[in-house]
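See below for the structure under consideration.
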2 protein chains.
Amino acid sequence: MLKLSKLTDYAAVIMAQIARDPDQAHTASELAARVKLPHPTVGKTLKMLAKSGLLESRRGSHGGYVLSRSPADITASDLIAAIEGPIGMTECSHADGECGLLDSCGVADNWQRVSQAIRTLLDGVTLAHLAQSSPLKLPVQLPIQSVTLPTASGALREH
Amino acid sequence: MLKLSKLTDYAAVIMAQIARDPDQAHTASELAARVKLPHPTVGKTLKMLAKSGLLESRRGSHGGYVLSRSPADITASDLIAAIEGPIGMTECSHADGECGLLDSCGVADNWQRVSQAIRTLLDGVTLAHLAQSSPLKLPVQLPIQSVTLPTASGALREH
DNA sequence: GTAAAGAGGACTAAAATGGTCCTATATGGC
DNA sequence: GCCATATAGGACCATTTTAGTCCTCTTTAC
């Protein structure tokens, strides 16, 4: 369903918590309590975020995690990539991907373009946006297809 | 990785095949041969597409599948929804979704907006687009964030 | 009647995911 | 130096999801 994994979801919630109080280090235990998730799970998530460079960690007593850069400079793409790896809709979205069906496929290029569009969209959403409690007006809500594409009736809107 | 399932991928390839020759019925065997995938798998995919109304089927001898409407009226959203169910990035993207963490979450609304933006984007991509063999110029390639959003450095571009 | 086709569902195998736990290492305070 | 507090880094298992196959039934053209 084009869904984020639970861990990515947790990551977003945790990062938003940190972003709302960016000037001090946060421990896994503290965040687990605030977010109401089990400590081991939160710990794992934090480790992944640190490993991919979105958080900086300090070990030992009085340790914890801080953002490695401003919330406005951390994108949704970054979060997703940190937990789930490279974003791409299909196997062949990646440069080295070989599906062996390229000749009979005929849609690979176009899916890649769609992937790219989604990446671009997610690059435009920052942690600062996500952490906002006030309703966020995303520009991307524009009905893109009506701007430049001719057709697309858009039936089956019960998604 | 925000990835489509393999079956959705197959569905797109199969639908594109049909879209390129929309005036006659196509059997599962024929499509399996053309797409170079095992017959049972292609059959299953076709059944799902038919069940969700994107294909119409005729049984019996000389039977097969035809598009239920024009390729320009079948969207990427439709394809994905047919195979994977409703599109949504998080559990709580759905109306009835209850994650029990709503109070401590604080990002649900914003993720929903992002989900909506992706849906809109996918609504703008049609089967006609996907089936085009010539490079498709998607309007959505515009760097959306630079149009209206201030920040987003977009590091980690190795996606 | 027979052959060709889809409908529907049961079933299995494999892979991804979520979650926990253990040991090692770093840091600060006493 | 020692101890308490943290993270680092894996190993590990349970569960769920996904992919793929197969079987039986129904429909239809000839």
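Residue B:M48 contributes atom CE, which lies 15 Å from atom P of C:dG6 at whole-angstrom precision. The CD1 atom of B:I83 sits 13 Å away from the P atom of D:dG20 (whole-angstrom rounding). If you take CD1 of A:I80 and C1' of C:dT17, they are 17 Å apart, rounded to a whole angstrom. With rounding to whole Å, B:L7 atom CG is found 11 Å from D:dT21 atom P. Taking atom NZ of B:K3 as the reference point, atom C1' of D:dA19 lies 14 Å away to the nearest angstrom.
The main-chain N or O of B:G63 is never found under 3.5 Å from a side-chain atom of B:R59 such that the two would form a donor-acceptor pair.
Here the shortest heavy-atom pairing between B:H26 and B:I18 reads CD2-CG2, 3.9 Å. Between B:S52 and B:L49, the shortest heavy-atom distance links the atoms OG-O, 3.2 Å. The two residues A:A28 and A:V42 have their closest heavy-atom pair at O-CG1, 3.9 Å.
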Footprint string (nucleotides 4-17 of chain D, 5' to 3'): B base within contact, S backbone only, - free, heavy atoms under 4.0 Å: -BBBBBB-------
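For C:dT20, one of the phosphate oxygens OP1 or OP2 lies less than 4.0 angstrom from a side-chain nitrogen or oxygen of A:T41. Contact annotation: B:Y10 side-chain N/O to D:dA19 OP1/OP2 distance is not under 4.0 Å.
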I would like to know whether A:E84 and A:L4 meet side-chain contact (heavy atoms from CB on, under 4.5 Å); could you show each step before the answer? CA-CA 8 Å; A:E84 313 191 13; A:L4 300 177; 3.9 Å; yes
For side-chain contact (heavy atoms from CB on, under 4.5 Å), just list the numbers for A:K6 and A:L37, CA-CA rounded to whole Å, side-chain angles, deciding distance to a tenth of an Å, and then say yes or no. CA-CA 12 Å; A:K6 281 195 193 178; A:L37 288 171; over 6 Å; no
